[in-house]
Amino acid sequence: MKRTKINILLALEKTPGEIIIKGWVRTRRNSKEFCFMEINDGSCLKNIQIIANKDLENYSDIETITTGTSIAVEGRLVESPGKGQKWEIQVSKIEIINMAQDSYPLQKKRHSDEFLRTIAHLRPRTNKYGAVFRLRSEMAFAIHKFYKEKGFRYLTAPLITGSDAEGAGEMFRVTGLDPEKVKKQGKMDFKEDFFGQESNLTVSGQLSGEMFALALGDVYTFGPTFRAENSNTSRHAAEFWMLEPEMAFCDLKENMDHGEELVKYLTQHAINECHEDMNLFTSFVDKSLPKLFDILLNTEFGRISYTQAIEILLKSKQKFEFPVEYGTDLQSEHERFLAEIYFKKPVFLTDYPKEIKPFYMRMNDDEKTVAAVDLLVPRIGELIGGSQREERLSVLEKRMEEMNLPMEDYWWYLDSRKFGSAPHSGFGLGFERFLMMITGINNIRDVIPFPRTPGSIDF
RNA sequence: UCCCCAGUAGCUCAGUUGGCAGAGCAAUUGGCUGUUAACCAAUGGGUCCGCGGUUCAAGUCCGUGCUGGGGAGCCA
């Protein structure tokens, strides 16, 4: 007989009779004549209760089973006479697969998130982190589903890149050079290196995405991204996942329409497909989540220009630590004011001064601002960052000159503007930040299986 | 990288004015009960983060380092 997963059993209307389950013991309660155990197999948040009677041949072992032990259970699924569960299993046989040792660090009570980070290899066995990582899996699937339905192609952009000036932050160097030799020579000779030149881990798949959007039409990349910034915050990680759609024949407004549709779709998907896990977040992490979901699903996101945002901030009676000034990037407190207090919903900010944005963003007619867009959401800040791309060769070259970028390194990028260039747009959405938003979890380390942050690469 | 806060039992935390190291949970042992983070009792468990200093005496005060957390910058 094959094992049945617990989520399947718990959803049954009537008993199939004899079944086998396999999983891990969450708690055991002994009686004189029998003992109760709660078993979890990771298929869902809920445990199933089993009742083992004293007449089982290995009962003396069974009554010493510890939390965390893996077992296989044969028995009959019956309606539970007790309160709190519909089904339970009357056991006919228990095989102890591996007894958890006494030092098993997870207990039947709440642990702090900080402690659980120190045992990141075991934390998915807790209710909260089980829910987080089931949701993460489901959301990754939902992204592919959304784009499949919209006719996008999935592009797997390279993770090792030769270009070192994408403008998205510090990069991790990739090298095969022998450290001893480098030390002796006093410098890194990249001509000797694996690729014959400098190479780094990617900070964005965007440039690849643009090339493929100009061939396949609508594409998206979804994968890991690396930043060597020494960022010590609850919203940054050195390795994170980013979704980057790139669309041909698409302007800034359509880009925003797409972003809003995406956020609404993913939120709805989470609510529909992860009902039980989402309820845990609402109950134990952030009770205001239902209100947020109502806003995300049922209101139109705000849309204002950078210039309008500056005016709103200047006119507001709010006291800010940093002054509001046209021409500089908004501070966190300014972004939070806009999303949390002024609009009370997600808001797109567009058309930033060219000086504070990268070279590839399309120059507006005023020649002062570019067609950039950020989506600011309450509590998280920037969820999406994107733009309409500069498709005009001469304008693009002029910008690159102004910013002292090595044009020859970008010959292939510039080619796309020579051979059938077309308006196109795209953005990056931080996958972990999206997960933080819909779970209420405040630290990015708690929505990544094994987080990588400055000074921390355990597991 | 900068600013602020914290570090005491396996976990969560208390520790008064500087004066004997504590509780709950977990573990172990026993009891009890169709139990629901079961309950009751007993037992074991400490480099009070490290180093240095002040003092008759430091978990407590001072300096310093490390680790963790919150915030800022950078960004997704």
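All chains are named by letter (A, B, ...) in the order of the sequence lines, taking the proteins before the strands, and each is independently numbered beginning at 1. The structure presented is a predicted model; accordingly, all values stated were derived computationally and were not measured.
- Glu333(A) comes within 4.0 angstrom of nothing in the nucleic acid, heavy atoms only.
- With U12(B), A72(B), G10(B) as the candidates, the nucleotide lying closest to the side chain of Gln107(A) is G10(B).
- At a threshold of 4.0 angstrom between heavy atoms, the contacts of Asp102(A) are confined to the sugar-phosphate backbone, with no base atom among them.
- Each of A38(B), A37(B), U28(B) was ranked by its minimum atom distance to the side chain of Thr27(A); first place goes to A38(B).
- Look at Asn230(A) and you won't find any side-chain N or O under 4.0 angstrom from OP1 or OP2 of C2(B).
- If you check every strand for non-hydrogen atoms under 4.0 Å, Glu114(A) touches sugar and phosphate atoms only.
- Residue Arg235(A) has a polar side-chain atom (N or O) positioned under 4.0 Å from OP1 or OP2 of A72(B).
- Within 4.0 Å (heavy atoms only), Arg117(A) reaches sugar-phosphate atoms of the nucleic acid but no base atom.
- Among the protein residues, Gln49(A) comes within range of the nucleic acid bases, having at least one heavy atom under 4.0 Å from a base atom.
- In this pair, Phe459(A) and His121(A) present their aromatic rings parallel. The plane angle is below 30°, not in the 30 to 60° band.
- Considering only side-chain N and O atoms, Lys108(A) lies under 4.0 angstrom from the phosphate OP1 or OP2 of A38(B).
- Taking a centre distance below 5.5 Å and an interplanar angle below 30 degrees as the stacking criterion, Phe36(A) does not stack against the six-membered base ring of G34(B).
- Looking at the side chain of His236(A), the nearest of the listed nucleotides G34(B), C32(B), A76(B) is A76(B).
- Among the atoms of the strands shown, only primed sugar atoms or phosphate atoms (P, OP1, OP2) are found under 4.0 Å from some heavy atom of Ser332(A).
- Relative ring orientation between Phe141(A) and His269(A) is described as tilted, the plane-to-plane angle lying within the 30° to 60° band.
- Gly84(A) comes within 4.0 angstrom of nothing in the nucleic acid, heavy atoms only.
- Nearest-nucleotide assignment on RNA chain B puts the 5′-proximal partner with Ser112(A), out of Asn442(A) and Ser112(A).
- Phe115(A) and His111(A) have tilted rings, their planes meeting at an angle from 30° to 60° on a 0 to 90° scale.
- Among the atoms of the strands shown, none is found under 4.0 Å from any heavy atom of Gln101(A).
- Counting any heavy atom pair closer than 4.0 Å across all strands shown, Leu243(A) reaches no nucleic acid atom.
- Within 4.0 Å (heavy atoms only), Pro105(A) reaches no atom of the nucleic acid at all.
- Classification of the Phe431(A)-Phe222(A) ring pair by plane angle, with boundaries at 30° and 60°, yields perpendicular.
- Within the nucleic acid shown, Ser234(A) comes within 4.0 Å of sugar-phosphate atoms alone, with no base atom in reach, counting heavy atoms only.
- The partner of C2(B) is G71(B), judged by Watson-Crick or G-U wobble contacts that both fall below 3.5 Å.
- Judged by Watson-Crick or G-U wobble contacts below 3.5 Å, the nucleotide C11(B) has G24(B) as its partner.
- Here the options are Leu135(A), Leu289(A), Thr267(A), Leu45(A), the test is side-chain contact (heavy atoms from CB on, under 4.5 Å), and the partner is Met278(A); only Leu135(A) passes.
- Projected onto RNA chain B by closest heavy-atom contact, Gln90(A) and Asn232(A) fall at different nucleotides, the more 5' of which corresponds to Asn232(A).
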